Amino acid sequence: MRHGLPAISPPIITLLKSCNTLRCFEQIHVQIIHKGFEHDNYLISNFISGCCTSFSLLRYATTVFNSVSCANTCLWNSLLNGHCNYSSLSSSLSVFSAMRASSEGVPDKYTFPPLIKCCSNELDVFVGVGIHGLLIKYGVEDNVFVGSSLVDFYGKCKLIGDAQKVFGEMPDRNVVSWTCMLVGYVNCGDLVSARRVFDAMPKRNRVSWNAMICGYVKLGELNSARKLFDEIPSKNVHSYTTMIDGYAKCGDMASARFLFEECLAKDLVLWSALISGYAQNGLPKEAVKSFQEMQFSNTRPDEHIMVSVMSACAQVGNLELANEIDSYMSRSSFDLQRTHVAAALVDMNAKCGNMERAMSLFHNMPKRDLVSYCSMIHGHALHGQGTEAIKLFYNMLSEGLMPDDVAFTVILTACSHAALVEEGYCLFDMMKSKYSITPSPNHYACMIDLLGRSGHLEAAYDLLKSLSVENHSESWGTLLGACRLHCDTDLTEVVASRLVELEPCNAGSFVLLSNVYAAADRWLDVSIVRKQMIGRGLRKIPGCSWV
DNA sequence: GTAGGGTTAG
């Protein structure tokens, strides 16, 4: 195609390497057309590969590709790779079909790895196996890249026997093929085999070390993970992230923090591991503090970090901070429409008391799922807006969403906070009969709270008596609080003595019982209870009662 | 004659 043309394309290729925006690609495309290179496969292939670095540019790459009169295999592969990385399996498959239907685009060893990777990402066993058959027809199954991607595919789909078979038949294996096999075993929960592969590997790189450590972390074997972590010949930030994540998962944030400090090259993902660890372990103040430290170190947060920070803020219920974060999110170029971002924003605003903002965000969500509905309902519950909560709950049902046990916990909480007894009963029945959800101790606690708060103490007591004793101490505590609220001394005595049996080491029930006696001027009983308490070695812990 | 592909982390 390029016979006799002046050597003008290399400068365009140089330009392409530094190009990353649509505007920039458009300008170069104009140049290509202007110089008459639009059918130069070599140049266009470079152009398309450069263009296929983001989803937004993929459409443009496709347009440019379509203007080429006669695309060769390499050009098809560039386009296909872009679709596999930034689009869906189905759109990649239509490119693949078009390629096979064309006269020049014969699939080769470069065609299949991206396609198989796409099948692994979508865990599409059916398509993946079909493609495996096809690639044998094209005679590329001996290629090490093709083989590795197949091992990875079967491993990710938990078809470990097939992964082993492909791995065993590979004529050449390299460190990537071995690592794919290792990851496959980890995926199937077989750490022993994974370790066997790790020990047998002729060569290891950082990725293989991290994959093995990640395996231990995923399956909760933190000691083995740490032992291997200390043996890594050269750690990188990924190794630290994996290990910190492991500590966070088992709640050991002190060790996580220690490793975090030790890692010198902190990147965004490392900060994220620390911050989300704090947020998920109920340490919201530390999460927010670390977030501020991160900003201080000139690291710009991304949406993953912001979701963690918003969850932390929701936990502390700090309205001022919530407003700050909210306006920061709007000012910066975050996409507030993305499901998990929007859900976190709604949840934070609802929990911190800005219900108006929460409502408007909620109604502007492109798709409201069960979680976002529950955040909103929970927000109403926290602010005693039971009627709104119930309205929203029925809205959710009419949208066809299937409530789960958490949704019912939330709506029952809303009913109890607003003393909506009949509605609560009705929903409790609906949960059991219509949705076949067996009430958990939590659900019972909500019902006891609902009945107790609204003064139906006997009904609450009867319901509680009908349950097995185990797992319901929280409900007994709830009822005790209600008895105290309604000054029912007789029932308090009964419930508190029951609770003393259930949790003989909990000072709270003793304290409550003695308080009730005190309020009724029964000072002799007060001193008996206090003596019992001291006799058991219990002291009153400040702020530990239920009322 | 050139170009295009596979593994770890939130």
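All values derive from a computational prediction rather than experimental measurement. To find a chain, count down the sequence lines: A is the first, B the second, and so on, and within it residues start at 1.
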Review point. Is a donor on one side and an acceptor on the other found under 3.5 Å between the side chain of S49(A) and the backbone of S45(A)?
Key: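 Looks like yes, one N/O pair under 3.5 Å.
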Practice item. Is it possible for you to check whether K266(A) lies under 6.0 Å from the centre of the six-membered ring of F260(A), through NZ or CZ, and within 45° of that ring's axis? Key: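 Yes, K266(A) lies over the aromatic ring of F260(A).
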Review point. Do the numbers put K235(A) on top of the ring of F229(A), so that NZ or CZ is under 6.0 Å from the six-membered ring centre and no more than 45° off the axis?
Key: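 Yes, K235(A) and F229(A) form such a contact.
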Just checking [X]: base, sugar-phosphate only, or nothing, at a heavy-atom cut-off of under 4.0 Å?
X: S308(A); answer: nothing
X: D245(A); answer: sugar-phosphate
X: C74(A); answer: base
X: S208(A); answer: nothing
X: T242(A); answer: sugar-phosphate

Roughly how many Å is it from [atom1] in [X] to [atom2] in [N], rounded to a whole number?
X: I244(A); N: dA9(B); atom1: CD1; atom2: P; answer: 15 Å
X: I213(A); N: dA9(B); atom1: CD1; atom2: C1'; answer: 11 Å
X: M170(A); N: dG6(B); atom1: CE; atom2: C1'; answer: 9 Å
X: Y154(A); N: dT7(B); atom1: OH; atom2: P; answer: 16 Å
X: Y86(A); N: dG5(B); atom1: OH; atom2: P; answer: 11 Å
X: I116(A); N: dG6(B); atom1: CD1; atom2: P; answer: 11 Å
X: R173(A); N: dG6(B); atom1: CZ; atom2: P; answer: 21 Å
X: W271(A); N: dG10(B); atom1: CH2; atom2: C1'; answer: 15 Å

Which nucleotide in [options] has an atom nearest any side-chain atom of [X]:
X: T73(A); options: dG10(B), dA9(B), dG4(B); result: dG4(B)
X: D108(A); options: dG4(B), dT8(B), dG6(B); result: dG4(B)
X: N41(A); options: dG6(B), dA3(B), dG10(B); result: dA3(B)
X: I305(A); options: dT8(B), dG4(B), dG10(B); result: dG10(B)
X: S78(A); options: dG4(B), dT8(B), dA3(B); result: dG4(B)

Does the [N] base have a donor-acceptor partner in the side chain of [X] within less than 3.5 Å?
X: N77(A); N: dA3(B); result: no
X: N46(A); N: dG4(B); result: no
X: S148(A); N: dG6(B); result: yes
X: D302(A); N: dG10(B); result: yes

Review point. Do you see a donor-acceptor pair shorter than 3.5 Å between the side chains of T63(A) and N66(A)?
Key: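 No pair is found: no donor N or O on one side chain lies under 3.5 Å from an acceptor on the other.
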Practice item. Among Y185(A), W178(A), W209(A), find the residue that satisfies the ring pair (Phe, Tyr, Trp, His ring centres under 6.0 Å) test when tested with F198(A). Key: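 For F198(A), the ring pair (Phe, Tyr, Trp, His ring centres under 6.0 Å) test succeeds with only one of Y185(A), W178(A), W209(A), which is W209(A).
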For a quick test of reading the model: is some side-chain N or O of [X] closer than 4.0 Å to OP1 or OP2 of [N]?
X: K117(A); N: dG6(B); value: yes
X: K156(A); N: dT8(B); value: yes
X: N81(A); N: dG5(B); value: yes
X: K218(A); N: dA9(B); value: yes

**Study point:** Y110(A) ring over dG5(B) six-membered base ring, under 5.5 Å and 30°
**Key:**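 Stack criterion not met.
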**Study point:** Minimal non-hydrogen separation, N143(A) against V146(A), with atom names
**Key:**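 Minimum heavy-atom contact is OD1-N, 3.0 Å.
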Review point. Excluding sequence neighbours, so at least two apart, what forms side chain to side chain donor-acceptor pair (under 3.5 Å) with S193(A)?
Key: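 Here the qualifying residues are D190(A).
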